[in-house]
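Below is one structure, written out as structure tokens, with a few remarks after it.
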Amino acid sequence: MSLSFPTMAAIRFGYGLRPGEALPQTKDDLIGQVTRGANGVPDFPVGGVEARHTAILDLQDRLKQIRQADGDDLDRRQQRRLLQHRAQVLFQMDANARLIQAVLSPDGFNERLATFWTNHFSTSAAKSLPMRLIVPLYEAEAIRPYMGAKFATLLRSATEHPSMLIYLDQAQSLGPDSKGGMQRNKGLNENLGRELLELHTLGAGSGYTQADVRSAAMVLTGLTVDQQAMETAFRPQISEPGAHEVLGVTYGGAKRTRKDYLAMLDDLAVNPKTAEHISRKLAVHFISDQPPQEMIRAMSEAWKKTDGELPAVYRAMLDHPAAWADEGAKARQPFDFIVTGLRALNSSAGAGDVAAFMQAYQQDDADNDEMMAMPKKDAAPASDGQAMMQVPPSPEDEARVKRRKAFQMARALGQGALRRMGQPTWLPPSPAGFEESFSAWITASQLSERLSWARRASAQFGKDVDPREFLKATLADAARDETIRVVSQAPSRVSGLTLVLASPEFNRR
């Protein structure tokens, strides 16, 4: 290992170094983060889990009222637009809270695992308006609490959550020969069955067939979403009757129950192909696009010995020598890059100036934008003479303009940057999630966006920071001699900080 253990642990397995924050000293320190994370409460959804469940029900009720209301279409469109706006504001607040949590958390390994597993079990807030409120809740209550459990537990939790069922249209899947299916003249939707085998467990090319996909979808029929309570439900009347064979194992019978699909999930969770597929995905995420087969084998063996205890699998990865070699083999994804950059600049005591700025000027920015876009109904039209006069802005106007500029800067450094770089929060391009490969994120356009972000962030937060000290605190012994030389010769502090954030070693891990 060419880098010191603490530096490598922070860069490869976390979100980099934050000045003044203690670094992991042992592998036990990294695994301990997972235990703490399982018992912690994330900063999103904003308002808490129970309040979010209430907000989802309220949104559903209001949408129903709009659909059933008498009146003209324009009035209904305006009411729906208001609901869309409120849901989008809440979604942006959640996305900002997730970003700032990653910036402030001393448990970078746990935060990285949350990113990995949320991407592995991808759902998208773009699916429908209620999903703007549901997807952040999904990560908070279905993913994060079970990242240190058995994979079977995590698989059950993710598969049964309304977010997954809505995203993959499981709520529309009915057994073709079930009572409900025949009454409604609707049939099977294979989306969840397909992604369960291809993405979530066995992996593509692992030997399952289209017949297995269809049978898995049959076993899953009956699993749906109660549209009134917006909770997971099992409806026997829409579950395909009879026995269904998946990978040579039969599930179901004359009377279908929830136990049928749970047994299938449990079997898939301990399948050797699942162990190999997900061990490889973990190693690709953390170590290299082409991880050594010996590492994958060791992780799969730990999976087998423990029936999929995830901390044992993580530990097998950390115990392999390849975990601590060839630094810089992976490219930082956009979320990784932005969080690491904000952490590096967030050097003040407590939460830090960067986090304070991002928190203060991200909430309610959509409300602010809409209000400024609305015409003042009571304002009288200006006469030609008045239009020619230069009226000095009031202190209130100046404060409003200043705050608007701060909103724009916070967006540009946070969610706006993630969108421009191609990794918007909770909006993956497909059920396969965001790309992991080096070539997907280190391109000419990507590097241009990162350089632009580095300049903007350095100018906003680094005017009083010595670039040489910043380099030491941010990259420690990972800084190359060439980077040290270039930064020391920078013509200004902002230029020096920009060079650090744009350096190869900062963009890799």
Side-chain angles (χ1 to χ4, degrees), residues 1-15 23-39 107-121 143-158 199-203 206 265-330 336 433 436-437 509:
M1 181 173 63
S2 57
L3 298 184
S4 66
F5 180 96
T7 300
M8 192 70 146
I11 292 176
R12 173 162 285 178
F13 298 103
Y15 283 122
L23 299 179
Q25 299 297 315
T26 67
K27 297 169 190 176
D28 288 340
D29 289 345
L30 292 173
I31 297 298
Q33 294 181 20
V34 182
T35 304
R36 286 197 299 275
N39 297 321
D107 296 335
F109 184 50
N110 189 69
E111 290 298 314
R112 286 279 304 283
L113 285 170
T115 298
F116 171 82
W117 286 116
T118 301
N119 193 59
H120 178 77
F121 292 110
I143 301 295
R144 284 179 173 259
Y146 306 109
M147 299 187 306
K150 285 189 175 183
F151 178 72
T153 304
L154 178 58
L155 178 63
R156 282 188 176 198
S157 178
L199 300 176
H200 301 164
T201 58
L202 305 174
S206 58
L265 294 179
D266 289 346
D267 287 345
L268 289 170
V270 296
N271 189 293
K273 295 291 187 180
T274 298
E276 182 178 1
H277 172 58
I278 296 177
S279 293
R280 181 181 296 279
K281 283 194 70 173
L282 278 163
V284 166
H285 178 77
F286 284 102
I287 311 300
S288 167
D289 287 355
Q290 298 294 331
Q293 188 60 37
E294 295 81 5
M295 171 182 277
I296 298 167
R297 192 177 299 116
M299 295 169 70
S300 300
E301 187 62 26
W303 192 298
K304 179 181 178 181
K305 288 180 178 178
T306 64
D307 286 334
E309 287 283 358
L310 291 174
V313 179
Y314 307 150
R315 184 62 187 240
M317 176 178 68
L318 296 175
D319 282 342
H320 196 277
W324 307 96
D326 298 325
E327 66 273 11
K330 289 291 298 182
D336 187 348
E436 285 281 3
S437 66
R509 49 176 172 78

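The shown structure was predicted, so the numbers you read here are calculated from the model rather than taken from an experiment.
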For residues [X] and [Y], determine if any side-chain heavy atom of one lies less than 4.5 Å from a side-chain heavy atom of the other.
| X | Y | result |
| --- | --- | --- |
| Ile287 | Arg12 | yes |
| Lys330 | Glu436 | yes |
| Asn110 | Leu30 | no |
| Leu318 | Ile31 | yes |
| Phe5 | Leu23 | no |
| Phe116 | Glu111 | no |
| Glu301 | Arg297 | no |
| Pro292 | His320 | yes |

Glu294 atom CD, over 12 foreign heavy atoms within 6.0 Å: yes

More than 12 heavy atoms from other groups under 6.0 Å of CG on Asp319: yes

ring-ring contact (aromatic ring centres under 6.0 Å, His included) against Phe121, all qualifying residues, sequence neighbours excluded: His200

Backbone of [Y] reached by a side-chain donor or acceptor of [X] within 3.5 Å:
| X | Y | value |
| --- | --- | --- |
| Thr118 | Ala114 | yes |
| Thr7 | Leu3 | no |
| Asp29 | Gln25 | yes |
| Ser288 | Val284 | no |
| Asn39 | Thr35 | yes |

Test: Glu276 and Lys281 ion pair at under 4.0 Å: no

Arg112 and Asp107 ion-paired at < 4.0 Å: no

Gap between atom [atom2] of [Y] and atom [atom1] of [X] - 0.5 Å precision:
| X | Y | atom1 | atom2 | answer |
| --- | --- | --- | --- | --- |
| Trp324 | Ser2 | CH2 | OG | 12.0 Å |
| Trp303 | Ile296 | CH2 | CD1 | 13.0 Å |
| Ile143 | Thr115 | CD1 | OG1 | 11.5 Å |
| Ser300 | Lys273 | OG | NZ | 10.5 Å |
| Met147 | Leu310 | CE | CG | 9.5 Å |
| Asn271 | Ser206 | CG | OG | 7.5 Å |

Considering all heavy atoms, the nearest [X]-[Y] contact:
| X | Y | value |
| --- | --- | --- |
| Gly148 | Glu309 | O-OE1, 4.5 Å |
| Met299 | Ala316 | CA-CB, 3.9 Å |
| Ala38 | Pro145 | CB-O, 3.8 Å |

Pair Gln33-Leu113, side chain to side chain contact (heavy atoms under 4.5 Å, CB included): steps then yes or no: CA-CA 10 Å; Gln33 294 181 20; Leu113 285 170; over 6 Å; no

Given Val313, Thr306, Thr274, the one that forms side-chain contact (heavy atoms from CB on, under 4.5 Å) with Phe151: Thr274

The single option from Leu155, Leu265, Ile278 passing side-chain contact (heavy atoms from CB on, under 4.5 Å) against Thr201: Leu155

Audit row: His285, Leu282, side chain to side chain contact (heavy atoms under 4.5 Å, CB included) steps and yes/no: CA-CA 5 Å; His285 178 77; Leu282 278 163; 5.8 Å; no

Aromatic ring pairing His120/His277, orientation class (parallel under 30°, perpendicular over 60°, tilted between): tilted

Parallel, tilted or perpendicular: rings of Tyr314 and Trp117 (30°, 60°): tilted

Working for side chain to side chain contact (heavy atoms under 4.5 Å, CB included), residues Glu327 and Met8: CA-CA 8 Å; Glu327 66 273 11; Met8 192 70 146; 3.8 Å; yes

Check against side chain to side chain contact (heavy atoms under 4.5 Å, CB included), Tyr15 and Phe109: CA-CA 8 Å; Tyr15 283 122; Phe109 184 50; over 6 Å; no

